[in-house]
2 protein chains.
Amino acid sequence: MSNSTPATIEDVARIAEVSIATVSRAIHTPEKVANSTRLKVHQAIAITGYTTNAMARSLRLGRSNMILVVAPDIGDPNFSNILVGLENEARAHGYGILIGHTQNDAQRGLEYLKFLNSNQAAGLILFTGILPFGHQTMTARLPATVGVFEPIYNGGLPYVGVDDVAGARKLIDLLLAEGHRKIAFIGDSRTRLAYSRRRQGFEEGMDAANMRPENRIVIDGDGTIESGRLALEQLFMQDRLPTAFMCVNDQTAIGVMLGLTARGYNIPRDFSVTGFDDVPLSGFMSPPLTTIRQPRTAIGKRAMALLLDLLGDGVTPDGEILLMPDLVVRNSVGPPKGLR
Amino acid sequence: MSNSTPATIEDVARIAEVSIATVSRAIHTPEKVANSTRLKVHQAIAITGYTTNAMARSLRLGRSNMILVVAPDIGDPNFSNILVGLENEARAHGYGILIGHTQNDAQRGLEYLKFLNSNQAAGLILFTGILPFGHQTMTARLPATVGVFEPIYNGGLPYVGVDDVAGARKLIDLLLAEGHRKIAFIGDSRTRLAYSRRRQGFEEGMDAANMRPENRIVIDGDGTIESGRLALEQLFMQDRLPTAFMCVNDQTAIGVMLGLTARGYNIPRDFSVTGFDDVPLSGFMSPPLTTIRQPRTAIGKRAMALLLDLLGDGVTPDGEILLMPDLVVRNSVGPPKGLR
DNA sequence: TTGTAAGCGTTATCAT
DNA sequence: ATGATAACGCTTACAA
């Protein structure tokens with residue numbers, strides 16, 4: 001069955017004994033074609049195994065039906081479920097999805113920019129928190145674009161994600177309610193809106209409880225397990241110990257937990273720890289991690305819906321769609337040691 | 001800088017005051033163009049910000065410079081490092097990578113098939129273990145294709161991965177050497193070559209040690225953490241307990257460990273457990289998991305090199321390239337209880 | 001060394 | 001309701 005070359009619209013036309021124009025119409029505007037003709041065409045299509053050559057179609061149309069999703073790290077445990085949401089919604093509207101992987105390398109980003117500029121994708125979803133095109137970022141001519149999961153720092157682009165400030169606020173309020181006073185925020189030094197917003201939630205909560213600056217320990221990592229561990233070591237070396245660690249994300253929290261456990265401490269008896277994102281692993285930790293759940297599939301769905309809207313009427317919507325995140329209370333938080 | 005429409009080759013030609021053919025040559029066969037002309041052209045390109053329209057180019061050429069990588073589950077912890085190897089190699093040869101995500105859904109697979117059939121990708125890398133095109137699998141007309149990480153069950157396609165039999169053999173030999181006699185193999189019931197080969201390694205090792213059938217407990221899951229847990233519960237319920245669990249992959253092993261720990265057992269004092277793959281999480285377990293390391297980046301690199309070869313001379317190479325995997329000894333294996 | 005022109009597979013306009 | 005044909009942007013004989 002391995003024919004040498006794919007069937008073209010002409011092959012179909014010949015077999016159906018109509019013109020190629022009619023074949024095209026039978027496919028895309030069947031109502032403009034006589035019933036009998038349409039039947040013949042579809043039979044011919046079945047015989048030849050014809051599928052539209054998307055390159056030719058897109059060239060002619062000046063647009064494709066593919067959406068490019070760019071992420072710096074495919075391995076990000078948040079990514080795959082977001083993707084499911086994106087895909088389902090795209091499919092429902094006749095679009096396909098292609099994934100680009102930048103590894104935080106501007107060179108790679110640029111290649112995707114080229115891809116976009118040659119109309120190989122109709123729209124762009126950015127999972128990056130920052131425009132990934134290096135020095136060309138400012139002058140990049142982008143198709144319809146929406147950020148997802150992380151607001152985009154330097155783009156002024158529409159975005160769908162969770163309300164980071166509110167999520168962080170839920171966490172800090174929980175810690176405060178348990179009786180914690182001296183709390184460390186293990187942040188992320190990379191310039192990303194999501195991180196500074198989570199920090200902001202932390203500060204607002206501390207403010208609301210009238211906590212003095214000396215009760216707030218802020219230290220930055222880079223959002224990895226390793227960096228959580230490192231931040232913890234720093235704090236121990238400097239002898240600046242809180243009773244609770246509020247971490248910018250789950251990875252960091254897992255690093256902190258691992259470090260604490262390795263030092264022989266018990267969580268939450270000796271220290272409390274919180275995360276953010278509810279990554280799959282978090283539920284498997286011991287103790288399971290108290291964190292904020294990202295409605296990942298929903299976020300993906302909304303983001304794609306937004307993009308498709310944008311593609312439709314080309315009108316740029318209001319800046320951000322913020323979903324409310326849920327607090328997931330597990331077992332990594334308890335009252336501080338002094339209070340028990 | 002947001003021009004309405006991308007510059008075309010004609011814009012460049014006009015500005016450089018040459019024909020479009022010369023522009024094309026200046027780009028692709030610069031040696032066939034006078035120095036002075038080449039200079040003018042490149043200046044014009046800079047001015048216009050021109051990038052080749054890949055759709056038009058591919059349509060004309062009948063091939064693209066994109067490689068499609070299809071995986072059922074982007075979230076697979078093995079995937080992201082394989083991808084790095086694939087990408088680096090592809091880039092080095094002027095190819096870009098696109099990722100397709102099937103979620104084990106034949107419908108989705110079919111869409112990628114269409115994508116391929118319209119020449120939108122020059123080659124295909126399959127991370128799937130099985131051709132993902134449903135009932136059209138048998139008649140699918142594929143471009144140059146190579147399987148990676150998992151041999152492809154129903155394709156007869158070239159493949160780059162690890163020697164599963166040899167890897168499993170290392171594991172079973174370790175267990176045997178520690179003194180284990182009654183060993184359970186927690187397998188995967190899905191029809192994939194990788195799993196049956198690991199099982200084969202298990203059997204060969206047991207055979208070589210003259211172990212009787214009643215010392216071999218074989219039970220199947222589906223390769224997830226949950227299924228490892230479930231398999232363990234089944235064994236407990238049936239009261240068929242081994243002293244060691246050899247698991248088809250790390251996820252399964254982690255499930256087994258979690259279940260064992262939840263039941264209050266100590267690993268490796270009460271039971272030994274092994275995995276396969278050395279997924280990132282495995283090193284973080286307590287105890288860290290003894291397993292087989294997949295040289296993921298190397299596998300990706302080799303697979304892409306093979307594909308590019310194939311693209312070059314179109315000659316189908318010998319079936320499989322098997323890399324030797326390393327045993328990673330950590331702390332989840334010890335002597336069986338009776339022997340201590 | 002450079003230009004002219006055909007053609008890749010579509011869709012859309014204009015006739016018929 | 002259907003057919004001829006131009007055009008989308010590009011590469012590559014072939015001519016000059």
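Here the structure is a predicted model, which is why all the values come from computation and not from measurement. We name chains A, B, ... by the order of the sequence lines, and we start the count at 1 in each one.
Residue contacts shown for B:T52 are limited to sugar-phosphate atoms, with no base heavy atom under 4.0 Å away. Within 4.0 Å (heavy atoms only), A:L61 reaches sugar-phosphate atoms of the nucleic acid but no base atom. In this structure, A:T37 reaches the sugar-phosphate backbone alone: every heavy-atom distance under 4.0 Å involves primed, P, OP1 or OP2 atoms, never a base. Using a 4.0 Å heavy-atom criterion, one finds that A:T29 contacts no nucleic acid atom at all.
Note on ring orientation: taking the six-membered ring where Trp is involved, the planes of B:F149 and B:F127 are parallel (angle under 30°, cut-offs 30° and 60°).
Following rounding to the nearest Å, B:K32 (NZ) and D:dT12 (C1') show an atom-to-atom distance of 9 Å. Atoms CE (B:M55) and C1' (C:dT11) sit 14 Å apart, rounded to a whole Å. C:dG9 atom C1' lies 8 Å from atom CD of A:E10, rounded to whole Å. To the nearest angstrom, C1' of C:dA12 lies 12 Å from NE2 of A:H28. In this structure, CD of B:Q120 is placed 14 Å from C1' of C:dC8, rounded to the nearest angstrom. Atom-to-atom, CG of B:N53 to P of D:dA7 comes out at 18 Å; the value is rounded to the nearest Å. If you measure from atom CG of B:N117 to atom C1' of C:dG9, you get 14 Å, rounded to the nearest angstrom. One can place CZ of A:R25 at 7 Å from C1' of D:dG3, the figure rounded to the nearest angstrom.
Distances shown here put a side-chain N or O of B:T22 below 4.0 Å from the OP1 or OP2 atom of C:dG3. Contact check, A:T8 against C:dG9: no side-chain N or O comes under 4.0 Å of OP1 or OP2. Phosphate contact (OP1/OP2 of C:dG9, side-chain N/O of A:R57, threshold under 4.0 Å): absent.
The side chain of A:S24 lies closest to C:dT11, out of C:dT11, D:dC10, C:dT2. Each of D:dG3, D:dC10, C:dG9 was ranked by its minimum atom distance to the side chain of A:A56; first place goes to C:dG9. Nearest to the side chain of B:I9, among C:dT4, D:dC10, D:dA4, sits D:dC10.
Looking at A:Q120 and B:Q120, their side chains never bring a donor and an acceptor atom within 3.5 Å of each other. Judged purely by distance below 3.5 Å, without hydrogens or angles, the side chains of A:N35 and A:R38 pair a donor atom with an acceptor atom.
With contacts defined as side-chain heavy-atom distances shorter than 4.5 Å, the pair B:L110/B:Q136 qualifies. At least one side-chain heavy atom of B:T102 sits under 4.5 Å from a side-chain heavy atom of B:Y112.
A donor-acceptor contact under 3.5 angstrom links the side-chain atoms of A:R60 to the base of C:dT11.
Taking the charged nitrogens against the carboxylate oxygens, A:R302 and A:E89 have no contact shorter than 4.0 Å, which rules out a salt bridge.
Map A:I20 and A:A34 each onto its nearest nucleotide of DNA chain D; the residue landing nearer the 5' end is A:A34. Between B:E31 and A:A7, the one whose closest nucleotide on DNA chain C sits nearer the 5' end is B:E31.
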